[in-house]
Q: 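This is the structure I have questions about; it appears just below.
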Amino acid sequence: MGVGEEQAEALFLRSKEMMNTMIGYKELRMRYACAMKEIRTKFDVLNTEFNVLYQRNPIKFIKSRLKTTTSIGDKLDRLDIPFSLANIEKNIHDVAGVRVICAYVDDIYAVAKTLIQQDDIELIARKDYIANPKPNGYRSLHLIVRVPVFFANETRKMTVEVQIRTIAMDFWASLEHQLKYKQEIADEKRIVQELKECADVIAGTDARMLEIRKSLEAATGEQSE
Ligand code: GTP
Ligand code: MG
């Protein structure tokens with residue numbers, strides 16, 4: 001084989017390898033999308049059952065998202081890990097993300113418990129930022145779980161990040177999230193301080209709303225919306 005032929009051969013193999021990685025990546029995203037559906041359905045089922053048994057919806061709404069390829073790449077860069085399918089599965093726990101928005105704080109723990117106790121769910125990590133809020137005031141319950149997904153010829157266990165929070169915590173987190181995308185903010189220190197104060201007020205209000213709901217339930221002997 002001449003030098004030119006060798007180069008052509010190497011180039012061919014390289015592009016074949018890249019093509020295989022691209023196909024593999026597409027399949028990996030599909031598997032995460034399916035895992036996300038599985039988890040969403042589990043929460044939907046819990047909500048439907050709860051509604052029939054207690055005439056109340058602990059879950060107000062569910063959002064889900066697949067992490068963009070750019071965000072996956074950025075996160076691997078930050079962790080100083082090379083881009084590969086195996087490294088994504090091993091190191092990035094939030095490729096598939098499901099966010100559950102509840103009305104009351106006790107619903108958060110009830111919903112988390114009913115998910116975790118399901119036979120097919122494996123709990124990898126649980127971070128309670130409600131009991132231990134972040135210094136900026138961020139509150140939510142985070143679960144990293146693994147769920148089996150049944151495909152035509154194989155079963156794959158996929159990792160999903162679940163964030164469970166109240167409507168008020170979600171409202172706060174959406175606004176706070178915008179801080180991260182602003183380059184330079186005039187008066188940033190004051191805004192950070194204001195956000196922290198709002199987070200504390202929200203936590204107080206969430207706690208009071210729960211107490212009121214419980215008082216109403218005790219008074220009427222039934223569960224309220
Ligand atoms: P990431 O690398 O960002 O995923 O963080 P981590 O692996 O340390 O996990 P952590 O549980 O702290 O955060 C996971 C996710 O929770 C983030 O990607 C955000 O969606 C959300 N989150 C965590 N902290 C904050 C916060 O201070 N503000 C807001 N708005 N969201 C947060
Ligand atoms: Mg994240």
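Both counts, for ligands and for their atoms, begin at 1 and track the order of listing. Numbering starts at 1 and runs along the sequence shown. Heavy-atom basis, side chains included; hydrogens, waters and symmetry copies ignored.
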Q: Is the closest heavy-atom distance from His93 to ligand 1 below 4.0 Å?
A: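 Under 4.0 Å: no for His93.
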Q: Indicate yes or no: does Lys63 engage Asp170 in a salt bridge with an N to O separation below 4.0 Å.
A: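 Looking at Lys63 and Asp170, the cut-off is met.
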Q: At a 4.0 Å threshold, what atoms of ligand 1 neighbour a non-hydrogen atom of Asn136?
A: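 It comes down to these atoms of ligand 1: 26 (C), 27 (O).
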Q: For a side chain to side chain contact (heavy atoms under 4.5 Å, CB included) check, start with the C-alpha distance between Asn47 and Phe43, then their side-chain angles and the critical distance, and finish with the verdict.
A: CA-CA 6 Å; Asn47 215 24; Phe43 286 123; over 6 Å; no
Q: Between Lys134, Lys127, Arg65, which one has a non-hydrogen atom sitting closest to atom 12 (O) of ligand 1?
A: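 Checking each option, the heavy atom nearest atom 12 (O) of ligand 1 is found in Lys134.
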Q: Any idea which of Lys67, Arg99, Arg139, Lys75 brings a heavy atom closest to atom 4 (O) of ligand 1?
A: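 When every heavy atom of Lys67, Arg99, Arg139, Lys75 is considered, Lys75 comes closest to atom 4 (O) of ligand 1.
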Q: Counting each atom of ligand 1 from 1 as listed, which ones have a heavy atom of Glu161 under 4.0 Å away?
A: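 Those atoms are 14 (C), 15 (C).
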Q: What atoms of ligand 1 come closer than 4.0 angstrom to any heavy atom of Ala173?
A: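 Ligand 1 atoms under the 4.0 Å threshold to Ala173: 30 (N).
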Q: If the threshold is 4.0 Å, N to carboxylate O, is there a salt bridge linking Arg156 and Glu89?
A: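 Salt bridge between Arg156 and Glu89, a charged N being under 4.0 Å from a carboxylate O: yes.
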Q: Val95 and side chain to side chain contact (heavy atoms under 4.5 Å, CB included): which single residue from Thr159, Thr68, Ile88, Leu28 fits?
A: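 Testing Val95 for a side chain to side chain contact (heavy atoms under 4.5 Å, CB included) against Thr159, Thr68, Ile88, Leu28 leaves exactly one candidate, Ile88.
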Q: Within ligand 1, which atoms have a heavy atom of Asp94 less than 4.0 Å away?
A: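 Matching atoms, with element in brackets: 4 (O).
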Q: Go through the steps to decide whether Glu217 and Lys214 satisfy the test salt bridge (Lys or Arg N to Asp or Glu O under 4.0 Å), and finish with yes or no.
A: CA-CA 5 Å; Glu217 279 169 7; Lys214 283 183 177 168; over 6 Å; no
Q: Over all heavy atoms of both residues, which pair between Leu143 and Ala112 is shortest? Give the atoms and the distance, please.
A: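 Between these two residues, the closest heavy atoms are CD1-CB, 4.0 Å.
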Q: Can you name the nearest heavy-atom pair linking Gly137 to Lys196, along with the distance?
A: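 Answer, listing the atom of Gly137 first, then Lys196: N-CD, 4.0 Å.
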Q: Report yes if Trp172 has an N/O atom closer than 3.5 Å to an N/O atom of ligand 1; otherwise report no.
A: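 No, there is no polar N/O contact under 3.5 Å.
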Q: Arg165 to ligand 1: N or O pair under 3.5 Å?
A: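 Among all N and O atoms of Arg165, none is under 3.5 Å from an N or O of ligand 1.
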